[in-house]
Amino acid sequence: MKVRHIVLGLLSISVIAPIFLYTDRVGSFVNPSSSRRDFLDDVSAFTVSGDTRHLNVLHQEISTALKEPIGVVYSDHSTVTREHKSTRVLSATDEERQQQQLYNPIRQVIDRAPPGLTTTLDSHPNASDISAIELEQQPTQPSGKIVQEHSDNKHDRLTEPADAQVRHLKDQLIRAKVYLSLPAIKNNPHVTRELRLRVKEVTRALGDATKDSDLPKNAVDKLKAMDQSLEKGKQIQDDCAAVVKKLRAMLHSSEEQLRVHKKQTMFLTQLTAKTLPKGLHCLPLRLTTEYYTLNSSQQNFPNQQKLEDPRLYHYALFSDNILAAAVVVNSTISHAKHPSDHVFHIVTDRLNYAAMRMWFLTNPPGKATIQVQNIEEFTWLNSSYSPVLKQLGSPSMIDYYFRAHRASSDSNLKFRNPKYLSILNHLRFYLPEIFPKLNKVLFLDDDIVVQKDLTGLWSLDLKGNVNGAVETCGESFHRFDRYLNFSNPLISKNFDPHACGWAYGMNIFDLAEWRRQNITEVYHRWQRLNRDRQLWKLGTLPPGLITFWKRTYSLDKSWHVLGLGYNPNVNQREIDRAAVIHYNGNLKPWLEIGIPKYKIYWAKYVDYETVYLRECNINP
């Protein structure tokens with residue numbers, strides 16, 4: 001009776017009120033119901049040095065109300081450990097716990113001990129036992145704390161990654177493959193067969209799962225079985241150098257595969273961006289057929305007298321994409337305060353001329369005026385006048401774009417986009433020639449959506465500049481040195497590599513100032529200097545940066561927000577505030593590869609119930 005000896009020792013030291021030790025018979029005499037039950041609960045189990053022992057002197061009562069295991073702290077001098085009580089604890093109310101303290105004789109002895117008793121107890125041979133008993137006798141942890149502890153554990157489980165098991169299974173496969181390639185494992189046919197079997201099982205269980213919820217129910221069993229097999233392989237293979245060598249080889253192979261896949265992805269993305277979807281190929285064919293069934297009077301647009309009125313708001317749009325052009329016009333008119341004052345000048349190529357006219361004849365933009373022109377009608381635009389036309393038709397340019405053996409010479413595939421062969425892309429440098437009687441023109445790309453009224457741009461004072469544009473120098477790759485070859489003295493002596501770039505897509509041009517400064521000749525001079533593509537790669541932005549160097553007025557960024565064709569993280573507030581949003585990049589909204597969350601801004605200006613769209617199976 002270890003407890004009885006301890007209590008007797010205490011009696012010999014302390015001179016305090018008499019203490020009644022409870023036995024089974026006395027317990028039935030003093031508070032037979034409550035105190036006896038509490039005492040049995042407190043001393044029925046106690047832990048000494050981590051060993052749970054039962055006191056057989058007292059008859060244990062069967063508990064009717066059980067609680068979950070609670071955390072108990074055991075102090076052994078300087079060490080503190082946390083364990084769970086395995087004993088079932090009766091659920092007690094606060095009042096019952098107070099009674100437990102009141103009728104607990106051992107607790108009373110310790111509470112009433114004089115200050116000097118502490119040292120005596122510490123020096124006692126069984127001090128650790130007494131400490132354990134004392135801790136056991138402390139009031140039971142409130143149920144609220146227990147709930148909190150379990151909720152914390154549950155929270156920890158919930159914060160685990162959703163793909164924790166998937167990652168573990170993939171790691172196991174890598175380890176298993178490493179072991180199977182090592183000589184020590186190969187020489188053990190039993191372990192080799194077992195590992196191969198586990199690899200098949202884990203591979204089958206993993207499948208195409210990307211998160212734990214995708215795994216089958218037996219995935220955990222497969223994981224445990226693989227762990228056991230890997231442990232066997234670990235015991236056999238003790239050559240760490242061989243494992244490291246194999247892992248390095250696997251890493252190098254993975255990096256090489258990643259590089260190849262990235263290059264393939266880039267090529268396929270560029271190819272997809274250049275490819276016309278079947279529906280958009282069907283649409284111009286269907287419209288062209290219908291256009292030539294009209295008589296000559298039905299092929300004309302109304303309000304043609306407004307085309308050269310400088311008091312109106314004129315837009316220049318050069319495109320061979322009918323649906324994209326329609327969205328630009330529709331979105332602009334939807335936000336215009338006075339639609340009848342807006343005039344759209346659309347220039348397209350010979351193949352899409354009839355189809356473009358037919359679309360706007362059958363889908364007129366309200367009271368706005370439409371003009372559709374064929375680029376073939378600009379007889380003044382020829383290779384003798386335009387250096388870029390001469391370059392685009394040269395054998396070296398054709399070789400650069402269409403010879404397969406040159407495909408690997410340029411790492412940046414976007415510079416090899418055949419769209420740069422289209423003169424439509426270079427018409428922006430000939431605005432005064434196209435609109436000889438206009439003073440200001442707003443140039444729009446066909447991959448933009450207008451969200452606000454744009455008439456305020458015509459009243460802006462450009463302060464003697466020719467081009468009004470939004471600068472894009474917030475990021476380093478939008479500065480001049482990104483687009484121009486500063487290793488060439490002609491570029492390095494005339495331009496600042498850190499100068500801010502600006503964006504095409506929505507530009508207000510002062511044509512009167514353009515003519516006065518003879519900007520077109522500036523463009524021609526630099527194009528002639530770049531005949532061998534040593535100053536910049538092909539495209540319109542690099543020559544634009546050069547041509548309008550120190551002639552560009554910076555517009556507020558809210559006029560034009562870019563990036564919706566390549567960046568899925570464009571600031572939502574900037575999109576909402578923007579007058580124009582621009583899908584620059586390969587992920588155009590009319591392509592399947594377009595960013596889904598940005599497609600809605602474009603799609604709402606397309607009437608998918610139009611008969612031509614239904615016939616060509618063009619859907620949102």
Side-chain angles (χ1 to χ4, degrees), residues 271-304 307 315-333 343-366 368-379 381-382 389 392-393 417-428 430 434 444-449 583 588-592 594 602-603 605-620:
L271 182 63
T272 304
K274 300 169 192 174
T275 304
L276 190 67
K278 185 177 180 180
L280 294 183
H281 180 70
C282 162
L283 182 62
L285 296 177
R286 184 76 178 85
L287 290 168
T288 299
T289 303
E290 290 293 323
Y291 178 76
Y292 286 112
T293 62
L294 303 177
N295 57 50
S296 57
S297 62
Q298 294 175 319
Q299 294 177 353
N300 297 322
F301 291 100
N303 303 320
Q304 295 299 288
L307 296 180
Y315 301 84
L317 177 60
F318 309 139
S319 174
D320 58 0
N321 188 325
I322 297 166
L323 206 56
V327 169
V328 174
V329 174
N330 292 343
S331 62
T332 304
I333 294 303
V343 182
F344 293 88
H345 304 269
I346 301 174
V347 181
T348 188
D349 57 18
R350 180 176 55 185
L351 291 175
N352 293 283
Y353 173 70
M356 190 76 76
R357 291 183 67 89
M358 187 63 191
W359 175 268
F360 286 105
L361 285 170
T362 55
N363 299 278
T369 301
I370 288 287
Q371 179 190 30
V372 178
Q373 294 177 279
N374 183 356
I375 194 173
E376 303 289 341
E377 298 172 1
F378 301 152
T379 56
L381 188 60
N382 50 59
L389 263 180
L392 291 177
N417 195 326
K419 76 176 183 179
Y420 298 131
L421 290 173
S422 172
I423 190 59
L424 279 176
N425 206 44
H426 296 269
L427 277 184
R428 64 194 71 190
Y430 298 101
I434 300 172
L444 297 176
D445 267 341
D446 63 358
D447 55 352
I448 63 103
V449 171
Y583 294 84
K588 303 299 185 186
W590 55 82
L591 299 176
E592 290 186 5
W602 187 85
Y605 295 106
V606 179
D607 183 7
Y608 290 99
E609 296 302 317
T610 303
V611 59
Y612 299 114
L613 299 188
R614 292 204 310 269
E615 288 177 352
C616 291
N617 197 28
I618 298 176
N619 301 305

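Note that the coordinates shown come from a computational prediction; the quantities given were computed from them, not determined experimentally. Note that these values count all heavy atoms, side chains included, but never hydrogens, waters or copies made by symmetry.
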May I ask you to decide if Tyr612's main-chain N or O and Thr610's side chain share a donor-acceptor pair within less than 3.5 Å? no
Does a side-chain heavy-atom distance below 4.5 Å link Ile423 with Asn425? no
Taking atom CD as the centre, does Glu592 end up with more than 12 heavy-atom neighbours from other residues, nucleotides or ligands that are less than 6.0 angstrom away? no
Determine whether Phe344 and Thr369 make a side-chain contact, defined as any pair of heavy atoms from C-beta on separated by less than 4.5 Å. no
Gap separating the OH atom of Tyr353 from the CD atom of Glu377, nearest 0.5 angstrom: 5.0 Å
Salt bridge check, Asp445 against Arg428: does any charged N sit closer than 4.0 Å to a carboxylate O? yes
Check whether any side-chain heavy atom of His345 sits under 4.5 Å from a side-chain heavy atom of Leu307, and report yes or no. yes
Please check this pair: side chain of Glu615 against backbone of Leu283, looking for a donor-acceptor N/O pair closer than 3.5 Å. no
With side chains defined as the heavy atoms from C-beta onward, is the minimum distance between Leu285 and His281 less than 4.5 Å? yes
Validation row: Tyr605, Val329 side chains within 4.5 angstrom (heavy atoms): no
Heavy atoms, side chains only, cut-off 4.5 Å: are Leu351 and Pro284 in contact? no
Is the shortest heavy-atom distance from the side chain of Tyr291 to the side chain of Arg357 under 4.5 Å? yes
So, do Asn374 and Val347 sit near enough that their side-chain heavy atoms are less than 4.5 Å apart? no
